[in-house]
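Heads up, the thing below is written out as structure tokens.
All of these numbers come straight from a predicted model, not from anything done at the bench.
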Amino acid sequence: GEDVEQSLFLSVREGDSSVINCTYTDSSSTYLYWYKQEPGAGLQLLTYIFSNMDMKQDQRLTVLLNKKDKHLSLRIADTQTGDSAIYFCAENRVQAGTALIFGKGTTLSVSS
Amino acid sequence: DTEVTQTPKHLVMGMTNKKSLKCEQHMGHRAMYWYKQKAKKPPELMFVYSYEKLSINESVPSRFSPECPNSSLLNLHLHALQPEDSALYLCASRASGGLSYNEQFFGPGTRLTVL
């Protein structure tokens, strides 16, 4: 299938906002997800958004969805060193049994 | 119980060994998935089971053989693996394969090393 695209690296200072971008491919995806993975750990679901929504806010996290451009972003406010991890966006692909198709991941590095 | 368990956590095997990975969930989920994740790469879909039947095989080599003996269990049988098969193997389950929101729950994974 086609790739879900993400920028590979993002470096920010503690306290700043981080914005991670993603372009997905399947316009029939009903949900889009953001997962966090710390080194050596499993996947942690951060948040998700229904495809008919434009925005979803959950504490420090804001998800923006532009369905026309198939563009998804995750904003982390007041980024902390504990936010350093790889962030994957994912779409549920109906043709794949609604399995998740992941982007390549963005490595977020937060410096103090 | 909203947990997917996987055993073993770590596995080291030789290229001539036969081993199995096990995944279990007791949430009544009828869709179960195997993903493979290489270091610093995204998880890649391997297999999808829906109502205990294999519905999707993403062109996975036959040295990987999935099995779903019942609605709670998913196995991945390994035979004659190659060193490049070393990876984190993730199992996931979901309430159904439908379009309504059902969270896909991931297990912690089995970290496999093939010598």
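Identified by a heavy-atom distance below 4.5 Å to chain B, the contributing residues of residues 104-112 of chain A are A:Lys104, in residue-number order.
Using a 4.5 Å cut-off between heavy atoms, A:Gln37 touches chain B through its side chain atoms alone. Neither the backbone nor the side chain of B:Tyr49 has a heavy atom closer than 4.5 Å to any heavy atom of chain A.
Looking at every heavy atom in both residues, B:Pro42 comes nearest to A:Gly103 through CB-O, 3.0 Å.
Residue-environment remark: CE (A:Met53) exceeds the threshold of 12 foreign heavy atoms within 6.0 Å. The local environment of NZ in B:Lys38 is crowded, with over 12 non-hydrogen atoms from other residues, nucleotides or ligands closer than 6.0 Å. Applying the 6.0 Å contact sphere to NZ of B:Lys41 captures no more than 12 heavy atoms from other residues, nucleotides or ligands. Few gaps surround CD on B:Glu67; more than 12 heavy atoms of other groups in view lie less than 6.0 Å from it. The environment of CD in B:Glu84 is crowded: more than 12 heavy-atom neighbours from other residues, nucleotides or ligands sit within 6.0 Å.
Residues A:Tyr35 and A:Leu64 fall into different hydrophobic clusters, defined by Ile, Leu, Val, Met, Phe, Trp and Tyr side chains chained together at heavy-atom separations under 4.5 Å. Cluster membership for B:Trp34 and B:Val48, using ILVMFWY side-chain heavy atoms within less than 4.5 angstrom, is not shared. Both A:Ile76 and A:Leu45 are members of a single hydrophobic cluster when ILVMFWY side chains are connected at heavy-atom separations under 4.5 Å. Hydrophobic clustering places A:Leu46 together with A:Leu10 (ILVMFWY residues linked when any side-chain heavy atoms are closer than 4.5 Å, directly or through intermediates).
Using a 4.5 Å heavy-atom threshold, the side chains of B:Gln37 and A:Phe88 count as touching.
Among the candidates A:Ile86, A:Leu43, A:Leu100, the residue making the largest number of heavy-atom pairs closer than 4.5 Å to chain B is A:Leu100.
For the atom pair A:Phe102 CZ and B:Tyr35 OH, the distance stands at 5.5 Å (nearest 0.5 Å).
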